[in-house]
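Here is the structure we will look at.
What you see below is based on every heavy atom in this structure, not just the backbone, and it leaves out hydrogens, waters and symmetry mates. Protein chains get the first letters and strands the later ones, always in sequence-line order, with residue 1 at the start of each.
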Number of protein chains: 2
Amino acid sequence: MAFNKKDEFTQKENELSDFANAISHPARVAILKEIAKRETCICGEIVEVLPLAQSTVSQHLKELLKAELIKGTVDGAKSCYCINWKTFERFEKIFNGFFTKTNSNNPKCC
Amino acid sequence: MAFNKKDEFTQKENELSDFANAISHPARVAILKEIAKRETCICGEIVEVLPLAQSTVSQHLKELLKAELIKGTVDGAKSCYCINWKTFERFEKIFNGFFTKTNSNNPKCC
DNA sequence: TTTATTAATCGTATATTTGCGATATAAGAT
DNA sequence: ATCTTATATCGCAAATATACGATTAATAAA
């Protein structure tokens, strides 16, 4: 942000937007999909499938790690990744509880 | 993006990331929450509640409109907004179907 | 030991996002 | 007609994000 206003919002608002931010790029969605499909997956396998350079993929993986959407361990020269489903569950809970959903055909609605 | 690689990803990957992108800022989460709470809501009411200038809020509203997360109509000098629940439902469907969730305690997982 | 493989990080260029004040526009009030 | 209110848009500055090639580091293979 131009001037960081994050502090001015609630923790839950930030948690939700941070999660959303992590999946707000098609490459990261594609990476998550690939890891979920394979259950466990090394970096090179993702690079093979995506239309991006290795360094770029590595950067996206780093962001997904930071947001705790994936877990990663070093396995020799390779890096092994898998989905951190706990974070997904927490997100779903926050997301569903966040907006007090009224009827979809709200007559007051514009 | 530095060079726009959107075309290189699937339509669903882009749809999901676009939705996520719309709620990837705490201000937009707060705006959605406020509109949902009030069911229908004018711009000024949101500006009152948020720690942001009117022009900034207006910009965020524009983005939410573009992503079809809200609907808006002009009501005299005022602008009336409400949640577009249809988009939320569509997102939930895509999101749930996207990642073939295996067991959370995947033994293969790192 | 040398070489190859794998992946993270650095440096850099470019694009986008965020935020605000100023301005424009349009309806409503006086 | 003029003033006020409400909101969108413009122009700008600063911060972030995206992408890549080059480099580094560390293991594995020869």
Side-chain angles (χ1 to χ4, degrees), chain A residues 1-9 13-14 17-31 34-35 40-67 70-82 110, chain B residues 1-9 13-14 17-18 20-31 34-35 38 40-67 70-82 110:
Chain A
M1 291 191 239
F3 251 135
N4 204 342
K5 292 239 167 185
K6 276 210 156 187
D7 307 341
E8 317 250 16
F9 296 95
E13 280 158 4
N14 278 305
S17 63
D18 282 347
F19 182 93
N21 194 52
I23 59 171
S24 72
H25 192 290
R28 289 194 288 273
V29 171
I31 289 172
E34 194 62 25
I35 298 178
T40 183
C41 184
I42 63 164
C43 177
E45 292 173 318
I46 301 164
V47 174
E48 250 176 14
V49 169
L50 292 212
L52 296 170
Q54 177 268 319
S55 59
T56 308
V57 170
S58 206
Q59 231 171 269
H60 282 304
L61 284 167
K62 195 180 174 185
E63 267 193 84
L64 290 170
L65 276 172
K66 200 184 69 188
I70 58 174
K71 290 181 277 183
T73 48
V74 177
D75 174 29
K78 303 175 182 182
S79 275
C80 175
Y81 293 100
C82 65
C110 37
Chain B
M1 293 193 237
F3 249 140
N4 204 341
K5 291 237 166 185
K6 276 211 156 184
D7 307 341
E8 316 252 15
F9 296 95
E13 281 159 2
N14 278 307
S17 63
D18 282 347
N21 193 53
I23 58 171
S24 72
H25 191 289
R28 289 194 289 273
V29 171
I31 289 172
E34 194 62 25
I35 298 178
R38 296 177 189 252
T40 183
C41 183
I42 62 164
C43 177
E45 292 173 319
I46 301 164
V47 173
E48 251 177 13
V49 170
L50 292 212
L52 295 171
Q54 177 268 320
S55 60
T56 309
V57 170
S58 205
Q59 230 172 270
H60 283 303
L61 284 166
K62 195 179 173 185
E63 266 192 85
L64 289 170
L65 276 172
K66 202 185 68 188
I70 59 175
K71 291 181 275 183
T73 48
V74 177
D75 173 28
K78 304 175 182 182
S79 274
C80 175
Y81 294 101
C82 65
C110 38

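The distance between atom CG of B/Leu50 and atom P of C/dT18, rounded to the nearest whole Å, is 14 Å. Whole-Å rounding puts the A/Gln59 CD to D/dG21 C1' distance at 12 Å. Rounded to whole Å, the distance from CD on A/Glu48 to P on C/dA7 is 10 Å. Straight-line distance from the CG atom of A/Asp75 to the P atom of D/dA26: 17 Å, rounded to whole Å. Taking atom CD of A/Glu63 as the reference point, atom C1' of D/dA19 lies 12 Å away to the nearest angstrom. Rounding to whole angstrom units, CG of residue B/Asn21 and P of C/dA15 are separated by 18 Å. D/dT18 atom P lies 14 Å from atom NZ of B/Lys5, rounded to whole Å. Look at CD1 on B/Ile31: it is 11 Å from P on C/dT18, rounded to the nearest Å.
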Please test B/Thr56 against B/His60 for side chain to side chain contact (heavy atoms under 4.5 Å, CB included), starting from the C-alpha separation and ending with a verdict. CA-CA 6 Å; B/Thr56 309; B/His60 283 303; 4.0 Å; yes
Evaluate the criterion side chain to side chain contact (heavy atoms under 4.5 Å, CB included) for residue pair B/Asp75 and B/Ile42; output intermediate values, then yes/no. CA-CA 9 Å; B/Asp75 173 28; B/Ile42 62 164; 5.6 Å; no
Show, in sequence, the C-alpha distance, side-chain angles and deciding distance for A/Leu61 and A/Leu65, and conclude whether the side chain to side chain contact (heavy atoms under 4.5 Å, CB included) test is met. CA-CA 6 Å; A/Leu61 284 167; A/Leu65 276 172; 5.5 Å; no
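The main-chain N or O of A/Leu52 is never found under 3.5 Å from a side-chain atom of B/Lys5 such that the two would form a donor-acceptor pair. Looking at B/Ser58, its side chain never comes within 3.5 Å of a backbone N or O of B/Ser55 through a donor-acceptor pair.
Closest approach of A/Ala22 and A/Leu64 over heavy atoms only: O-CD2, 3.8 Å.
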Please enumerate all protein N or O atoms sitting under 3.5 Å from an N or O of nucleotides 1-8 of chain D, with distances to 0.1 Å.
{"from": "D/dT7", "atom 1": "OP1", "to": "B/Cys43", "atom 2": "N", "distance (Å)": "3.3"}
{"from": "D/dT7", "atom 1": "OP1", "to": "B/Ser79", "atom 2": "N", "distance (Å)": "3.2"}
{"from": "D/dT7", "atom 1": "OP2", "to": "B/Gly44", "atom 2": "N", "distance (Å)": "2.8"}
{"from": "D/dT7", "atom 1": "O3'", "to": "B/Ser79", "atom 2": "OG", "distance (Å)": "3.4"}
{"from": "D/dA8", "atom 1": "OP1", "to": "B/Ser79", "atom 2": "OG", "distance (Å)": "2.9"}
{"from": "D/dA8", "atom 1": "OP1", "to": "B/Tyr81", "atom 2": "OH", "distance (Å)": "2.4"}
{"from": "D/dA8", "atom 1": "OP2", "to": "B/Ser58", "atom 2": "OG", "distance (Å)": "2.7"}
{"from": "D/dA8", "atom 1": "N7", "to": "B/Gln54", "atom 2": "NE2", "distance (Å)": "2.8"}
{"from": "D/dA8", "atom 1": "N6", "to": "B/Gln54", "atom 2": "OE1", "distance (Å)": "3.2"}

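Here B/His60 does not reach the OP1 or OP2 of C/dT17: none of its side-chain N or O atoms lies under 4.0 Å away. For D/dT18, neither phosphate oxygen OP1 nor OP2 lies less than 4.0 angstrom from any side-chain nitrogen or oxygen of A/Thr56.
Sorted by first then second residue, the salt bridge (charged side-chain N to carboxylate O under 4.0 Å, His left out) pairs that include residues 18-28 of chain A, not counting sequence neighbours, are A/Lys6-A/Asp18, A/Arg28-A/Glu63.
Nearer the 5' end of DNA chain C, as judged by each residue's closest nucleotide, is the contact made by B/Ala27, out of B/Ala27 and B/Val74.
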